[in-house]
Amino acid sequence: MEESENIVPFPILETKRLYLKKFDKKNLSFLHAIRTDKTVTEMAGIKKHTSLSETEDLMNKTISSYSTGNALWWILFLKNNQEPIGYAGIWNIQKEHLKGELGYMLKPSYFNKGYMTEALQTIIDFGFNKLFLHRLEAYIDSDNIASINLLRKFNFQQEAFLKEDYIFKGSFRNSVILAKLKNKN
């Protein structure tokens with residue numbers, strides 16, 4: 001997606017219980033809380049942030065990724081009290097190949113309550129029907145069964161199992177690649 005192809009204004013999405021809104025620097029403390037949460041970072045297989053400046057760098061990259069057309073990230077807010085509970089989006093967008101990658105994180109206190117299911121249903125629909133992507137994919141740590149099962153709800157199919165493809169906390173870890181094509185269940 002080229003800059004001139006960006007959707008302006010940034011789309012606010014809505015589900016039954018959530019508003020999905022653009023990242024904003026006023027949400028830095030929320031992003032820092034989720035990126036320093038041990039449960040979240042271990043499930044995602046990502047390094048836990050150790051400083052606010054590290055989170056600020058991520059926030060700046062996230063905001064600039066929209067203007068470059070590389071990603072669309074939304075913060076998930078509860079409709080009833082506007083509390084941020086997670087974030088999700090499509091990143092690594094390759095417009096020339098009509099594909100993008102899903103990413104998402106949720107506060108542990110909101111696990112298993114259907115919030116990410118709501119959010120991803122809306123984001124997947126947006127990716128296929130507004131961005132006109134043909135393919136969405138996700139790279140998931142093979143031990144993150146909840147995330148794998150979540151994507152399977154949307155008929156994502158496992159395409160690969162990558163043995164020891166990255167290092168997390170000094171140990172090799174495995175990834176699963178799941179993908180969904182636009183017009184395939």
* Under a 4.5 Å side-chain heavy-atom rule over Ile, Leu, Val, Met, Phe, Trp and Tyr, are F111 and L102 clustered together? -> yes
* Centre of F77's six-membered ring, under 6.0 Å away, within 45 degrees of the axis: is that where NZ or CZ of K21 sits? -> yes
* Structure fact -> So CD1 of I34 and CD1 of I85: to nearest 0.5 Å the spacing works out to 9.0 Å
* Looking only at non-hydrogen atoms, find the nearest pair between N27 and K22 and report the distance. => OD1-O, 4.5 Å
* To do: Walk me through it: do R173 and E164 pass the test salt bridge (charged side-chain N to carboxylate O under 4.0 Å, His left out)?
  => CA-CA 5 Å; R173 301 295 301 247; E164 299 182 356; over 6 Å; no
* State, yes or no, whether a side-chain contact exists between D141 and S175 at a heavy-atom distance under 4.5 Å. => no
* **Option from F10, Y19, F23 for which side chain to side chain contact (heavy atoms under 4.5 Å, CB included) with W74 holds** => F10
* Asked: Which atoms form the tightest heavy-atom contact between Y139 and E101, and what is the distance?
  -> CD1-OE2, 3.4 Å
* What is the minimum heavy-atom distance between I93 and G69, and which atoms define it? -> CB-O, 3.9 Å
* Asked: Are any of the side-chain heavy atoms of I123 and L13 separated by less than 4.5 Å?
  -> yes
* **salt bridge (Lys or Arg N to Asp or Glu O under 4.0 Å) involving E56 - partner list, sequence neighbours excluded** => none
* **Worked check of side chain to side chain contact (heavy atoms under 4.5 Å, CB included) between K25 and I63** => CA-CA 9 Å; K25 290 189 181 192; I63 291 170; 3.8 Å; yes
* **Which atom of L151 lies closest to which atom of A138, heavy atoms considered** => CD1-CB, 3.5 Å
* Asked: Taking C-beta and beyond as the side chain, do P84 and L76 meet within less than 4.5 Å on heavy atoms?
  -> no
* Do Y115 and K107 pass the side chain to side chain contact (heavy atoms under 4.5 Å, CB included) test, and can you show the C-alpha distance, the side-chain angles, and the key distance before you say yes or no? -> CA-CA 10 Å; Y115 289 110; K107 284 181 176 178; over 6 Å; no
* Asked: Would you find a donor on one side and an acceptor on the other, under 3.5 Å apart, between the side chain of S147 and the backbone of N144?
  -> no
* Asked: So how far is it from F128 CZ to I90 CD1, rounded to the nearest 0.5 Å?
  -> 8.0 Å
* Decide whether Y87 and T62 meet the rule of one side-chain donor and one side-chain acceptor closer than 3.5 Å. => no
* **4.5 Å side-chain heavy-atom contact, E42 and F168** => yes
* Shortest non-hydrogen contact from W73 to A88? -> CE3-C, 3.4 Å
* Whether over 12 other heavy atoms sit under 6.0 Å from K79 NZ -> yes
* Check step by step if salt bridge (charged side-chain N to carboxylate O under 4.0 Å, His left out) holds for E159 and R135. => CA-CA 13 Å; E159 294 186 338; R135 174 186 170 88; 2.6 Å; yes
* Salt-bridge criterion met for K113 and E118 (N-O under 4.0 Å) -> no
* Qualifying residue for side chain to side chain contact (heavy atoms under 4.5 Å, CB included) with F156, from L181, I140, I124, L120 -> I124
* To do: Could you tell me whether a side-chain N or O of N70 sits under 3.5 Å from a main-chain N or O of N92, the two making a donor and an acceptor?
  => no
* Stepwise, does the side chain to side chain contact (heavy atoms under 4.5 Å, CB included) test hold for Q158 with R152? -> CA-CA 9 Å; Q158 181 174 324; R152 286 186 174 149; 3.4 Å; yes
* Could I get the full list of ring pair (Phe, Tyr, Trp, His ring centres under 6.0 Å) partners for Y166, not counting sequence neighbours? => none
* What's the spacing between K169 NZ and I46 CD1 if we round to 0.5 Å? -> 11.5 Å
* Atom CG of N129 with >12 non-hydrogen neighbours under 6.0 angstrom -> yes
* Within one Ile-Leu-Val-Met-Phe-Trp-Tyr cluster: L78 and L106, side-chain cutoff 4.5 Å -> yes
* Flag, side chain of E54 to backbone of T50, donor-acceptor distance under 3.5 Å -> yes
* Roughly how far, to the nearest 0.5 Å, is the NZ atom of K180 from the CG atom of N155? -> 5.0 Å
* Asked: Are F161 and I177 close enough, and set up right, to give a side chain to side chain contact (heavy atoms under 4.5 Å, CB included), and what steps lead you there?
  -> CA-CA 6 Å; F161 185 93; I177 300 174; over 6 Å; no
* OG-CD1 distance between S142 and I148, expressed to the nearest 0.5 angstrom -> 6.5 Å
* Can you measure from CZ (R35) to NE2 (H49) and round to the nearest 0.5 angstrom? => 4.0 Å
* Asked: Is L58 close to L31 at the side-chain level, that is, under 4.5 Å between some pair of heavy atoms?
  -> yes
* Asked: Which pair of non-hydrogen atoms, one from G100 and one from L133, has the smallest distance, and what is that distance?
  -> N-CD1, 4.1 Å
* Asked: Under a 4.5 Å side-chain heavy-atom rule over Ile, Leu, Val, Met, Phe, Trp and Tyr, are F132 and L72 clustered together?
  -> no
